[in-house]
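Right, one structure below, let's go through it.
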Amino acid sequence: MVVVSGIGPGLGVKLAVEAAREGAAGVVAAARSAEKLEDAEARIRKVAPKCAVLKCVTDITDRKQCEALAAQAVQRFGRIDALVNSAFQHGAMDHASSADLDVWAEPMGTNLYGTLKLTQSVLPQMKKQGGGAIVMINTMAARKVPPLGEAGYAASKGALAVMAKYLAKELGPHKIRVNTVHMGWMWGAPVQGYVKWQAQQSGVPEEKLVAQIAANIPLGFVPTDDDCAKAALFLVSDYARVVTGATLDVNGGEYMP
C-alpha cells in the first residue's frame, strides 16, 4: 500500500497512477483539493480497476490532518508500506541576494516541515509492521542553480535532502528506508503551462522553447512526468530493498554530480 501526497495535475497524480499500474494493492491519495482526488481515482480506475483507493483531503502543514491520514490508511489497509512525499509549495521566483525572507516561510513550511509532519505520522505504523519505504520528491534546483530565480524553493528542498539522510540513518534499524529523487524538467501539465506562458511573453514559438530546454539534456528530450514517476517508485519497491540514504537524479542527464 502506497501513500502519495501532493496529488495534482503534474507528477503527483502520475505517481498514484503508476503505483496502481505497477500492482499496488492500495493507494492513499492526499491533496488539499477533493476535486484533484476525484480525478486521481478516475485515472487509477482506468489502469487498475482492482486497486483500492483511499482519498484523503490533507494539508500536510497541519499535523492533525497528517495523523488523521495515517490513521485512516491503517484502518483501511492495516499497514503503510510506502510514502511518496510529493506535496510542495513553490513560493516566489526570487534570488537569495534580494529575496524577501519573510515569504520563504511558506515553501519552508510545506516542503520541509510539512513533509516531516506527514513522515512522522506514518512512522509508528511502519515501525510496528517491521519496515517501510519513504521517498522525497526533490528538485534539480537544489543541486544546480537555475537562471530562473528559485532561491527560496531550492533552499527548502535542499534542507529536505539533508533531512532525508538523517532520517535514513535514524530509521535504518527499523528497516525503514528513506531516499531522495531530484527531478529536472518534466513534460507534463506544469511545464506545458510554463512553456505556453513563456511563449506568450517572449513571442518565441513553444516548439523552439522546448527545443532550447532539450538541448541541455543529453538524452535529447524533456522527460515525461510518467517516466519520472516510475523512477521514484523504483525506490519504494523491493528492487531497492537495500537502498537507503541515496540520491537519484532523474533529469535525462542534465545534471551529473
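Hydrogens, waters and symmetry mates are skipped; everything else that's a heavy atom, side chains included, is used.
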Could you please spell out the steps behind the salt bridge (charged side-chain N to carboxylate O under 4.0 Å, His left out) verdict for Glu254 and Lys144? CA-CA 9 Å; Glu254 183 174 356; Lys144 174 185 177 182; 3.2 Å; yes
Under the side chain to side chain contact (heavy atoms under 4.5 Å, CB included) rule, what do Val27 and Leu54 come out as? Steps first, then yes or no, please. CA-CA 6 Å; Val27 173; Leu54 175 62; over 6 Å; no
Take Ile137 and Asn85 through the side chain to side chain contact (heavy atoms under 4.5 Å, CB included) test and state the conclusion after the steps. CA-CA 6 Å; Ile137 302 300; Asn85 281 304; 5.9 Å; no
Side chain to side chain contact (heavy atoms under 4.5 Å, CB included) between Val135 and Thr180, worked out: CA-CA 5 Å; Val135 65; Thr180 297; over 6 Å; no
Assess whether side chain to side chain donor-acceptor pair (under 3.5 Å) is satisfied between Glu150 and His95, documenting all intermediate values. CA-CA 6 Å; Glu150 296 179 283; His95 300 274; over 6 Å; no
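Asp62 places a side-chain N or O within 3.5 Å of a backbone atom of Gln65 that can act as its donor or acceptor partner. Panel note: side chain Thr115, backbone Leu112; no donor-acceptor pair is recorded below 3.5 Å. Thr61 places no side-chain N or O within donor-acceptor distance of the main-chain N or O of Thr110, the cut-off being under 3.5 Å. With Thr244 contributing its side chain and Val178 its backbone, the two residues share a donor-acceptor pair below 3.5 Å. Between the side chain of Asn111 and the backbone N or O of Gln89, at least one donor-acceptor pair lies under 3.5 Å. In this structure, Asn179 contributes its side chain and Val243 its backbone to a donor-acceptor pair below 3.5 Å. When atom types are taken as modelled, the side chain of Arg177 and the backbone of Ala240 share a donor-acceptor pair closer than 3.5 angstrom. In this structure, Lys165 contributes its side chain and Gly245 its backbone to a donor-acceptor pair below 3.5 Å. Panel note: side chain Asp81, backbone Met1; a donor-acceptor pair is recorded below 3.5 Å. Under a 3.5 Å cut-off, the side chain of Gln129 and the backbone N or O of Ile80 do form a donor-acceptor pair.
Between Ile7 and Lys36 the shortest heavy-atom distance is O-CD, 3.4 Å. Summarising the geometry of Cys66 relative to Ser121, their closest heavy-atom pair is CB-OG, 3.3 Å, with the distance given to 0.1 Å. Of all non-hydrogen atoms in Ala96 and Ala151, the two that sit nearest each other are N-CB, 3.4 Å. When all heavy atoms of Ala141 and Ala154 are compared, the closest pair comes out as O-CB, 3.4 Å. Scanning both residues, Val236 and Ala133, for their nearest heavy atoms gives CA-CB, 3.8 Å. Residues Ser5 and Ala87 share a closest heavy-atom pair of OG-N, 3.1 Å.
Linking Ile, Leu, Val, Met, Phe, Trp and Tyr residues whenever their side-chain heavy atoms come within less than 4.5 Å places Leu11 and Val2 in a single cluster. Cluster membership for Val84 and Val181, using ILVMFWY side-chain heavy atoms within less than 4.5 angstrom, is shared. Taken together through direct or relayed side-chain contacts under 4.5 Å among Ile, Leu, Val, Met, Phe, Trp and Tyr, Val191 and Met183 form parts of separate hydrophobic clusters. By the criterion of side-chain heavy atoms lying less than 4.5 angstrom apart, applied directly or through intervening Ile, Leu, Val, Met, Phe, Trp or Tyr residues, Leu69 is grouped together with Met136 in one hydrophobic cluster. Taking hydrophobic clusters as Ile, Leu, Val, Met, Phe, Trp and Tyr residues chained together by side-chain heavy-atom distances below 4.5 Å, Leu167 does not share a cluster with Val162.
Looking only at side-chain heavy atoms (C-beta outward), Val17 and Lys46 stay at 4.5 Å or farther from each other. Side chains of Asp249 and Arg143 form a contact here, defined as non-hydrogen atoms less than 4.5 Å apart. No side-chain heavy atom of Met186 sits under 4.5 Å from any side-chain heavy atom of Asp227. Two residues are said to be in side-chain contact when any heavy atoms from C-beta on lie closer than 4.5 Å; Lys157 and Leu160 meet this criterion. With contacts defined as side-chain heavy-atom distances shorter than 4.5 Å, the pair Ser33/Val57 does not qualify. Put simply, the side chain of Val28 reaches to within 4.5 Å of the side chain of Cys56, judged on heavy atoms. Between Met126 and His174, the closest side-chain pair of non-hydrogen atoms is not below 4.5 Å. Contact check for Tyr153 versus Thr139: side-chain heavy atoms found under the 4.5 Å cut-off.
Counting heavy atoms of neighbouring residues, nucleotides and ligands inside a 6.0 Å radius, atom OH of Tyr166 does not exceed 12 of them. More than 12 heavy atoms of other residues, nucleotides or ligands shown are found within 6.0 angstrom of OH on Tyr255. More than 12 heavy-atom neighbours from other residues, nucleotides or ligands sit within 6.0 angstrom of CD on Gln201. Within 6.0 Å of CG in Asp100 there are more than 12 heavy atoms belonging to other residues, nucleotides or ligands. Atom CZ of Arg45 is surrounded by more than 12 heavy atoms from other residues, nucleotides or ligands within 6.0 Å.
Between Glu18 and Arg21, at least one side-chain N (NZ, or NE/NH1/NH2) sits under 4.0 Å from a carboxylate O, which counts as a salt bridge. Ion pairing between a basic and an acidic side chain is recognised when a charged N comes within 4.0 Å of a carboxylate O; Glu22 and Lys230 show no such pairing. A salt bridge does not link Lys196 with Glu206: none of the charged nitrogens is closer than 4.0 Å to a carboxylate oxygen.
If you take CD1 on Ile60 and OH on Tyr113, they are separated by 13.5 Å, rounding to the nearest 0.5 Å. Taking NZ from Lys14 and CG from Asp226, the interatomic distance works out to 3.5 Å, rounded to the nearest 0.5 Å.
His182 meets the ring pair (Phe, Tyr, Trp, His ring centres under 6.0 Å) test with no other residue; sequence neighbours excluded. The ring pair (Phe, Tyr, Trp, His ring centres under 6.0 Å) search around Trp185 returns Tyr194, not counting sequence neighbours.
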